[in-house]
Amino acid sequence: MSEQKRVQRETADVVIVGGGPAGIAAAIAAGRQGVRVVLVERYGFVGGMSTAAMVYPWMTFHTVQGEQVIRGIAQEIVDRLQSCGGSPGHLRDTVGFVHTLTPYDPSVYPVVATEMLQEAGVRLLLHSFVDDVVVVEDRVEAVRVTSKSGELEIQAAVFIDASGDADVAYLAGAAIAKGRDEDNKSQPMTMKFRMRGVDLGRVKQYMQDHPEDFYEKTPYAELDTIPLTGVSGFYSHWKRAAVPIQRDQVLFFTGPAEDEVLINCTRVQGFDATETVDLTAAETEGRKQVLMIAEFLRNDVPGFERSSISAVAPQIGIRESRRIIGHYALTQEDVIAGQKFDDVIARSGYPIDIHDPSGQGVTAAFIQGDGAYDIPYRCLISQNRSNLLAAGRCISTTHEAHATTRLTPSCMATGEAAGTAAALAVKLNLAPVVLPVSLLQEELRQHGAAI
């Protein structure tokens with residue numbers, strides 16, 4: 001006879017769902033404020049897309065001119081990684097799309113992040129999946145978590161959705177959007193993988209001998225004096241091989257080992273990452289594409305002749321799915337103009353980078369002015385759930401602006417802002433929507449945020 005099903009209950013001040021880069025930063029920020037924080041993560045490790053989907057490297061902490069616009073907890077994480085050999089820090093982007101990128105060791109990152117969470121007093125629940133939300137009027141009262149221990153209901157004053165897919169917002173009946181407005185189609189998914197045995201010296205030499213075969217912004221003048229960190233091109237090889245994947249180039253990034261690269265070439269289109277059947281099909285297709293691309297690289301690309309697959313991501317990488325509708329939606333025009341907002345809580349220097357939902361190309365739009373745009377606090381606050389904040393990939397933007405805010409350093413920055421706001425709201429007994437932004441900004445600046 002089976003035991004009777006029982007629901008355990010506990011309370012916290014702030015509950016954060018999703019232990020990726022945004023959720024980690026949010027939990028650390030809130031925990032340092034002295035409030036009771038619970039971080040719920042479905043996998044057995046933290047890191048989100050950076051670990052589960054091998055999204056690598058982190059791009060970017062800087063503007064195209066080289067000004068660092070993301071600091072705070074995000075930079076602390078990089079510093080901690082550097083101190084234990086888990087990252088070389090910020091390096092020049094040899095693709096040329098941004099000024100810098102930040103390689104990291106995916107086996108070290110979750111250890112460092114977990115240590116920082118523990119230091120901040122965060123209660124971390126791994127192997128735990130939020131499958132229901134309790135709502136009373138316009139407030140989220142609790143989330144319900146399923147795990148091997150049974151069901152747990154966690155009540156709190158403020159909730160942060162850092163799930164990437166706006167899962168909490170969706171379950172709470174909050175206003176959400178998905179993909180682009182005209183057809184709800186999202187950017188394609190990518191199954192990332194690593195290869196070892198790559199002769200990067202040969203790759204660099206081929207680039208220098210054939211500059212016409214690579215991205216036009218490749219910094220050739222610097223290649224003799226800086227390490228190769230990324231490559232975008234081999235256009236003629238890709239075209240000649242006619243690999244049946246909707247891309248027009250080879251894209252990979254080097255490291256963390258000296259002969260190792262992270263391949264970002266698969267393109268899985270036409271699936272909805274919030275639908276189980278679609279996600280299953282996408283995972284299956286992505287792994288087939290990995291084998292095709294690895295064979296192509298070994299047979300056709302200089303430097304890959306003796307390479308082999310060393311790792312495939314545990315899950316497919318998701319660029320876009322659901323996002324909240326907040327009190328403001330950041331737009332493409334805001335990003336391109338380098339818009340400044342009175343309620344700024346984070347900045348970013350990453351360009352708009354839209355992978356076509358149905359075609360081959362990538363649409364890029366670069367930031368004017370000083371090379372950075374502001375992300376306003378209003379983008380983090382749910383329009384119709386008064387105590388629900390979002391952080392990371394599911395903040396309130398248009399489809400176009402999402403193509404820059406989705407990048408990891410930006411997610412870390414919005415995570416720190418959301419966690420700080422949630423803790424301040426608890427301590428002042430206020431709803432996040434009426435929290436004085438000046439107090440939030442002052443707190444962020446005191447802790448090193450570049451706003």
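Position 1 is the first residue of the sequence; numbering continues from there. This structure is a prediction, so every number in the text was calculated from the model and none was measured.
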Does the side chain of [Y] come within less than 4.5 Å of [X]'s, by heavy atoms?
X	Y	result
E153	E151	no
Y109	Y56	no
P103	L91	yes
D272	N184	no

Tell me every residue that passes ring pair (Phe, Tyr, Trp, His ring centres under 6.0 Å) with [X], counting only those two or more places apart in sequence or in another chain.
X	value
F61	H90
F271	none
Y215	none

> Listed by chain and number, what are the side chain to side chain contact (heavy atoms under 4.5 Å, CB included) partners of E260, not counting sequence neighbours?
Replying inline: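 Counting only residues at least two positions away or on another chain, E260 forms a side chain to side chain contact (heavy atoms under 4.5 Å, CB included) with R194, R196, P256, A257, S310.
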
> Can you name the side chain to side chain contact (heavy atoms under 4.5 Å, CB included) partners of E400, sequence neighbours left out?
Replying inline: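 E400: side chain to side chain contact (heavy atoms under 4.5 Å, CB included) contacts with Q332, I354, T398.
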
Side-chain H-bond candidate by donor/acceptor type, [X] with [Y], under 3.5 Å:
X	Y	value
T229	T94	yes
Y373	T404	yes
H402	R323	no
S321	D165	yes

Within the distance-only criterion (no hydrogens, no angle test), does the side chain of [X] pair as donor or acceptor with the backbone N or O of [Y] below 3.5 angstrom?
X	Y	value
T254	L228	yes
T63	E67	yes
T190	K192	no
R92	H99	yes
D132	R144	no

> Going by the side chain to side chain donor-acceptor pair (under 3.5 Å) test, which pairs reach into residues 419-437, not counting sequence neighbours?
Replying inline: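 Every side chain to side chain donor-acceptor pair (under 3.5 Å) pair that includes a residue of residues 419-437, provided the two are not neighbours, is Q33-K427.
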
Between [Y] and [X], is there a salt bridge with N-O shorter than 4.0 Å?
X	Y	value
D224	K204	no
D370	R347	yes
E283	R287	yes
R36	E10	no

> F159 and V17: side-chain contact (heavy atoms from CB on, under 4.5 Å), yes or no, with the steps?
Replying inline: CA-CA 8 Å; F159 295 82; V17 177; 5.8 Å; no

> Could you walk me through whether D353 and R406 pass the salt bridge (charged side-chain N to carboxylate O under 4.0 Å, His left out) check?
Replying inline: CA-CA 10 Å; D353 173 26; R406 67 180 173 84; 3.4 Å; yes

Starting at [atom1] of [X], measure out to [atom2] of [Y] and round the result to the nearest 0.5 Å.
X	Y	atom1	atom2	answer
Y377	H327	OH	NE2	9.0 Å
S163	I16	OG	CD1	12.5 Å
I160	S382	CD1	OG	13.0 Å
E137	R385	CD	CZ	10.5 Å

> With a cut-off of 6.0 Å (strictly less than), are more than 12 heavy atoms of other residues, nucleotides or ligands near CD of E258?
Replying inline: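 At most 12 heavy atoms, drawn from other residues, nucleotides or ligands, come within 6.0 Å of this atom.
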
> Is Q65 atom CD crowded by more than 12 heavy atoms from other residues, nucleotides or ligands, each under 6.0 Å away?
Replying inline: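 Atom CD in Q65 is packed in, count exceeds 12.
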
> Among D342, D343, D334, which residue meets the salt bridge (Lys or Arg N to Asp or Glu O under 4.0 Å) test with R378?
Replying inline: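 Exactly one option meets the salt bridge (Lys or Arg N to Asp or Glu O under 4.0 Å) with R378, and it is D343.
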
> Under the side-chain contact (heavy atoms from CB on, under 4.5 Å) criterion, do N264 and R247 qualify, and how do the steps go?
Replying inline: CA-CA 10 Å; N264 183 349; R247 287 203 73 135; 3.6 Å; yes

>> Please confirm whether the ring centroid of F366 lies under 6.0 Å from the ring centroid of F97.
In response: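 Aromatic pair counts; centres sit under 6.0 Å.
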
> Is there a side-chain hydrogen bond (donor to acceptor under 3.5 Å, both in side chains) between T60 and T100 once you walk through the steps?
Replying inline: CA-CA 6 Å; T60 177; T100 66; 3.0 Å; yes

